Protein chains: 2
Amino acid sequence: MVVVRELFPLVGVDVALFCVDDDGLKVLLVKRAEDPYARHWALPSGVLKPHLDDSLMAAARRVLAHKVSVELPHVAEVSTFSGPTRDPRGWSIATLFYALLPKDKINALVRNKVEAVQWVSATSTRHRLAFDHEEQLQAALRALRSRVEGDVLPLHLLPEKFTLTQLQKVCEAILGRALDKSAFRRRLKGSTDLVELDEYERGPQRPAQLFKAREGFTF
Amino acid sequence: MVVVRELFPLVGVDVALFCVDDDGLKVLLVKRAEDPYARHWALPSGVLKPHLDDSLMAAARRVLAHKVSVELPHVAEVSTFSGPTRDPRGWSIATLFYALLPKDKINALVRNKVEAVQWVSATSTRHRLAFDHEEQLQAALRALRSRVEGDVLPLHLLPEKFTLTQLQKVCEAILGRALDKSAFRRRLKGSTDLVELDEYERGPQRPAQLFKAREGFTF
DNA sequence: TCAATAGTGTCTGTAAGACATTATGGT
DNA sequence: ACCATAATGTCTTACAGACACTATTGA
């Protein structure tokens, strides 16, 4: 096996699973049960299993489905980390994905979990994570932000039906800054990704119109 | 070895090496000498050699240095392609990089080449390439364009000293559309990546001021 | 003086930020 | 009537595209 390691690198996937709640943007961490980095917090990760996985992204989905039992969220590739020292077991490759989960599915997720998991603020000062996962988390965050800066709507982080105010809060949580309501909504007028519904969110004040993502929308 | 393939995927790198000449944006293709896809045109590629490479990007540089003897150009990751069928030898991973080469280094490159190589228009209608390299080429082109659209200057495609008109031509070749000179230069005024020189490119008309990239500039 | 390209000025429409105002529900 | 939030309007500024114009060299 040691010989094999010199010919073939360890191949795995890491996933930064994001969600937005009232406290802002969160990312899921898991407590590693085994070495290396046993009992350290880390991004959910796993090794590629060629007989099970049809692609690296499929491996990422399998890892998520295994570590956290939940409907599969939106997954996108960020980049690939590699080198002889990032994993003490030897030359390794890890392709990083980010995944987006709507807030209303968080509870089901955490409840069914067997290992220790934790939602932590994704924007707060750095954590102490296993491997190069701190760097990976920053890379995933950059990728997420650059898409939102590029005027793509992070609808995968919202429930099926949502108000424009909810959408704005999610964007603000990702970008880490306040957005102007008027300008934000003006931009949304020209978006083909939003579908206007004839339903309204009722509360102790004026009802807000509900929207949903366009059929086939992908972040 | 067959058994190994079921446990460990084939790991390699592919490189889309771009340059810009008077005919527009070009990409380097090599004629494959060995199976699979012998005698097919393909992007320069190679398998990862853990004992030689310190990262996937280093592997990409090694592949370039090996296939085309030239000073190492700028290299950046695009994305990673994977799956059981993209290579007939079995489950495989290929991390795609693009590389940028200034026009004035092309000649030295082609001359020293042993295998058959070819510069083809990167923007013309699709080619018939080995593996999934057509898709990869499109992905590399998208990545390149999105950076230039994002107002990053592709200075790695220019000689050390260049005129603003040359810079504009390079941007136009990448984007595939004409840019307005006035607006283009107005934007450049605010760029910290350009350094004004006290030299001028002389010709049969008004001389043009020369510029160079900021120290430490990276595309 | 002319050709050719470098470099600048001006006008206009679009879009964003800031901020005020109106609208509409519940209580 | 009042509160809270939704939704819209207005003003200003910044910037990009279009296009005309001026500047400077060699021939």
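Letters A, B, ... mirror the listed sequences (proteins, then strands); counts begin at 1. This structure is a prediction, so every number in the text was calculated from the model and none was measured.
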Considering only side-chain heavy atoms of [X], which listed nucleotide, [options], is closest?
| X | options | answer |
| --- | --- | --- |
| B/Gln205 | D/dT25, D/dA7, C/dG7 | D/dT25 |
| B/Arg185 | C/dA6, D/dA16, D/dA18 | C/dA6 |
| B/Arg202 | D/dG26, C/dA6, D/dT8 | D/dG26 |

Check whether the side chain of [X] and the base of [N] form a donor-acceptor pair under 3.5 Å.
| X | N | result |
| --- | --- | --- |
| A/Arg206 | C/dA23 | yes |
| B/Arg186 | C/dG7 | no |
| A/Ser182 | D/dG9 | yes |

Electrostatic pair A/Lys103:A/Asp22 at N-O distance under 4.0 angstrom: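 Salt bridge: yes.
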
In whole angstrom, give the distance that lies between atom [atom1] of [X] and atom [atom2] of [N].
| X | N | atom1 | atom2 | value |
| --- | --- | --- | --- | --- |
| A/Lys189 | C/dT14 | NZ | C1' | 17 Å |
| B/Tyr200 | C/dT5 | OH | P | 19 Å |
| A/Gln209 | C/dA23 | CD | P | 17 Å |
| B/Leu179 | C/dA6 | CG | P | 15 Å |
| A/Glu201 | D/dA4 | CD | P | 19 Å |
| B/Phe162 | C/dA6 | CZ | P | 14 Å |
| B/Glu196 | C/dG7 | CD | C1' | 12 Å |
| B/Asp151 | D/dA14 | CG | C1' | 14 Å |

Backbone of B/Leu29 reached by a side-chain donor or acceptor of B/Gln118 within 3.5 Å: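 Judged by distance alone, no pair lies under 3.5 Å.
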
Backbone of B/Ser121 reached by a side-chain donor or acceptor of B/His127 within 3.5 Å: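 Side chain of B/His127 to backbone of B/Ser121: a pair is present.
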
Earlier contact from the 5' end, DNA chain C, for A/Arg187 and B/Asp180: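 In this pair, the answer is B/Asp180.
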
Residue met sooner reading DNA chain C from 5', once A/Pro204 and B/Pro207 are mapped to nucleotides: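 Comparing both residues, the 5'-ward one is B/Pro207.
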
Distance-only side-chain donor-acceptor flag, B/Thr80 / B/Thr95, under 3.5 Å: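 Yes, a side-chain donor-acceptor pair sits under 3.5 Å.
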
Distance-only donor-acceptor check, side chains A/Gln138 and A/Glu134, under 3.5 Å: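 Note: A/Gln138 and A/Glu134 side chains miss the donor-acceptor criterion.
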
Given DNA chain D, 5'-ward residue of the pair B/Lys181 and A/Phe211, judged by closest heavy atom: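 The residue mapped nearer the 5' terminus is A/Phe211.
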
